[in-house]
Amino acid sequence: MLRIHDIVTGWGDLYLPGVGLYADRALLLPEAAVVMDGPIDGYLEWLRSVGIGPETVIRVPDSSPVRSILSDVSLASQIGELARKHGGLQFFDVTEHEENLIEMLDLPPGMFFGPPAKLARQAGNKAELRRLAERLGLRGLFPEYRIVDPTLMAVYPAVHQIFSIARPKFVVLKVPDSASGDGMIRLERTREWPDIVNDFLRKATGEIIIESGYNHWPMSVQWHINSDGCRVVGFSDQLIVNGFTHIGNVISSGELLHVRPEDRSLMTSMTLPLVEYFRAHGYRGVIGFDFMRTIDGGQLLLLECNARVTAMTYALGVADQISEKCSSWSIVMSRLNVGQSIRDFSSLKERLDGLLFNGRSGVLPFNVRCLDLDQPNCAVCCVSGNVARSTELLQLATEATAAD
């Protein structure tokens, strides 16, 4: 598979630090990848030495690889040949820009591992997903919710209804098209009105979801959809901070801390009707679903769909590359904020020293060019034979790379 994990086309307006470097994540995956040009030779050499990553890396001048290819006929020809050689093409997300590129490359049917942009938008929009579930008779998959206009007159009675009917611990207000916990606030009780809500509504540009909230364990399931059918490829515990913000995943060939066997079965059966619907309407590629299991009561509830490559994709990709060497594996994947003195992969290696990934276990850094940002950071896959040791590796890496 040739991977072009460009998020600038769809997410560039979020002004995320290092948005043009996100495509570097594809360097964790095998076969071929397209990334922005720059100082990355030492990191690529190290990846090869530990048996991780693509055999072919194409570098382009623009922070948006998709935009670079669209503007260069010769490069597009090279990309098309490479996609054919590796059996297909995968984008991170699909917008009209990616669809234009697919048309330009004129790949044979079945070689594009991704959904139509319109269908991806429907699946990834939290309000549209809930409406679809209602039409399919699946409203009960979700916490109690209301979809309303972003006005105090509409929001206040909806919050009151949910507190009265569902008796939740708190109520969550969320915009339908945000990701990683952005665009969400939590209300314990209506005494927090009106300042918090008014500030939230001023930033909302369309309808909002008001939903029951509970103290919970966050978890997820990922599927692959292709012309032959649908299959589950992994489950994860999710790492969440500040109530909503996703910072990583935990996957394992064995047991997870919070995802029980019955949770795996339920997440599969609960999402199967949605997956089958999307497949019937032309969806191909990766699709993930986020859940919560309430701490009080143990109820499993669907929260959202990620109709694109997700963070778990990269952890699963590492697992696939080590599975022949390691019969048992666990990966804790998380972002790592580091001290200001760590500005490149070479200095990161020095700090991690004996903790570094050796082909079977250890700390595997990625997105290492983000170390050159104003607030240096990267991400890591902490790999070992069990979740406890992988969690310990993350803690050791955090301590080893903290400010001097």
Side-chain angles (χ1 to χ4, degrees), residues 7-19 22 92-95 117-118 120-133 141-159 161-163 166 168-190 192-216 218-220 238-249 287-292 301-312 335 375:
I7 72 168
V8 173
T9 53
W11 301 28
D13 60 350
L14 295 179
Y15 301 106
L16 295 169
V19 67
Y22 193 95
F92 175 83
D93 201 357
V94 182
T95 71
K118 184 177 180 180
R121 296 287 79 75
Q122 178 192 18
N125 182 291
K126 298 177 184 69
E128 291 302 319
L129 182 69
R130 283 157 176 75
R131 291 189 178 103
L132 171 62
L141 296 181
F142 301 90
E144 186 69 28
Y145 66 86
R146 302 289 185 275
I147 301 172
V148 302
D149 291 330
T151 66
L152 204 58
M153 291 294 291
V155 170
Y156 190 92
V159 171
Q161 287 173 12
I162 289 177
F163 269 127
K169 291 288 186 181
F170 50 89
V171 166
V172 176
L173 277 62
K174 60 178 79 171
V175 298
D177 57 354
S178 63
S180 297
D182 292 330
M184 299 172 65
I185 61 169
R186 166 176 167 160
L187 296 177
E188 299 290 346
R189 288 294 168 189
T190 51
E192 297 179 274
W193 297 61
D195 292 343
I196 292 177
V197 175
N198 278 334
D199 184 58
F200 176 81
L201 295 179
R202 276 192 292 269
K203 299 173 184 177
T205 58
E207 63 187 5
I208 62 172
I209 300 169
I210 301 168
E211 193 163 79
S212 298
Y214 304 92
N215 296 326
H216 66 274
M219 54 190 66
S220 65
Q238 294 191 316
L239 303 179
I240 305 292
V241 297
N242 301 323
F244 299 126
T245 304
H246 175 268
I247 62 165
N249 294 77
I287 190 166
F289 296 88
D290 292 344
F291 281 82
M292 68 173 172
L301 296 166
L302 178 59
L303 295 175
E304 64 181 76
C305 170
N306 293 302
R308 51 175 172 78
V309 167
T310 71
M312 202 203 313
R335 181 146 298 279
Q375 297 296 322

Separation of [Y] [atom2] from [X] [atom1] (nearest 0.5 Å):
{"X": "F289", "Y": "L141", "atom1": "CZ", "atom2": "CG", "value": "9.5 Å"}
{"X": "K174", "Y": "I185", "atom1": "NZ", "atom2": "CD1", "value": "12.0 Å"}
{"X": "R146", "Y": "E207", "atom1": "CZ", "atom2": "CD", "value": "14.5 Å"}
{"X": "Q238", "Y": "L303", "atom1": "CD", "atom2": "CG", "value": "8.5 Å"}
{"X": "F142", "Y": "M292", "atom1": "CZ", "atom2": "CE", "value": "11.5 Å"}

Compare all side-chain heavy atoms of [X] with those of [Y] and state whether any distance is below 4.5 angstrom.
{"X": "V197", "Y": "Y156", "value": "no"}
{"X": "L173", "Y": "V159", "value": "yes"}
{"X": "P218", "Y": "D290", "value": "no"}
{"X": "L152", "Y": "N198", "value": "yes"}
{"X": "L187", "Y": "F170", "value": "no"}

Show the numbers, then the answer: is there a side chain to side chain contact (heavy atoms under 4.5 Å, CB included) between E144 and I210?
CA-CA 8 Å; E144 186 69 28; I210 301 168; over 6 Å; no
If the condition is ring-ring contact (aromatic ring centres under 6.0 Å, His included), which residues does F92 pass it with, not counting sequence neighbours?
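Scan of F92 (ring-ring contact (aromatic ring centres under 6.0 Å, His included), adjacent residues dropped) gives W11, Y22.
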Test of understanding: with ring-ring contact (aromatic ring centres under 6.0 Å, His included), list the residues that count as partners of F200, not counting sequence neighbours.
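For F200, no residue satisfies ring-ring contact (aromatic ring centres under 6.0 Å, His included) once neighbours in sequence are set aside.
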Checking salt bridge (charged side-chain N to carboxylate O under 4.0 Å, His left out) between E128 and each of R130, R131, K126, which is the one that passes?
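For E128, the salt bridge (charged side-chain N to carboxylate O under 4.0 Å, His left out) test succeeds with only one of R130, R131, K126, which is R131.
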Quick check: closest heavy atoms across [X] and [Y], and the distance to 0.1 Å?
{"X": "I209", "Y": "A127", "result": "CD1-N, 3.5 Å"}
{"X": "N249", "Y": "S220", "result": "ND2-OG, 4.0 Å"}
{"X": "L302", "Y": "P143", "result": "O-CD, 3.3 Å"}
{"X": "R186", "Y": "N215", "result": "NH2-OD1, 4.1 Å"}
{"X": "G10", "Y": "T95", "result": "CA-CG2, 3.7 Å"}
{"X": "E211", "Y": "Y145", "result": "OE2-CB, 3.7 Å"}

For P150, enumerate each residue passing the side-chain contact (heavy atoms from CB on, under 4.5 Å) test, keeping only those at least two apart in sequence or located in another chain.
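So P150 forms a side-chain contact (heavy atoms from CB on, under 4.5 Å) with L201, A204, I208.
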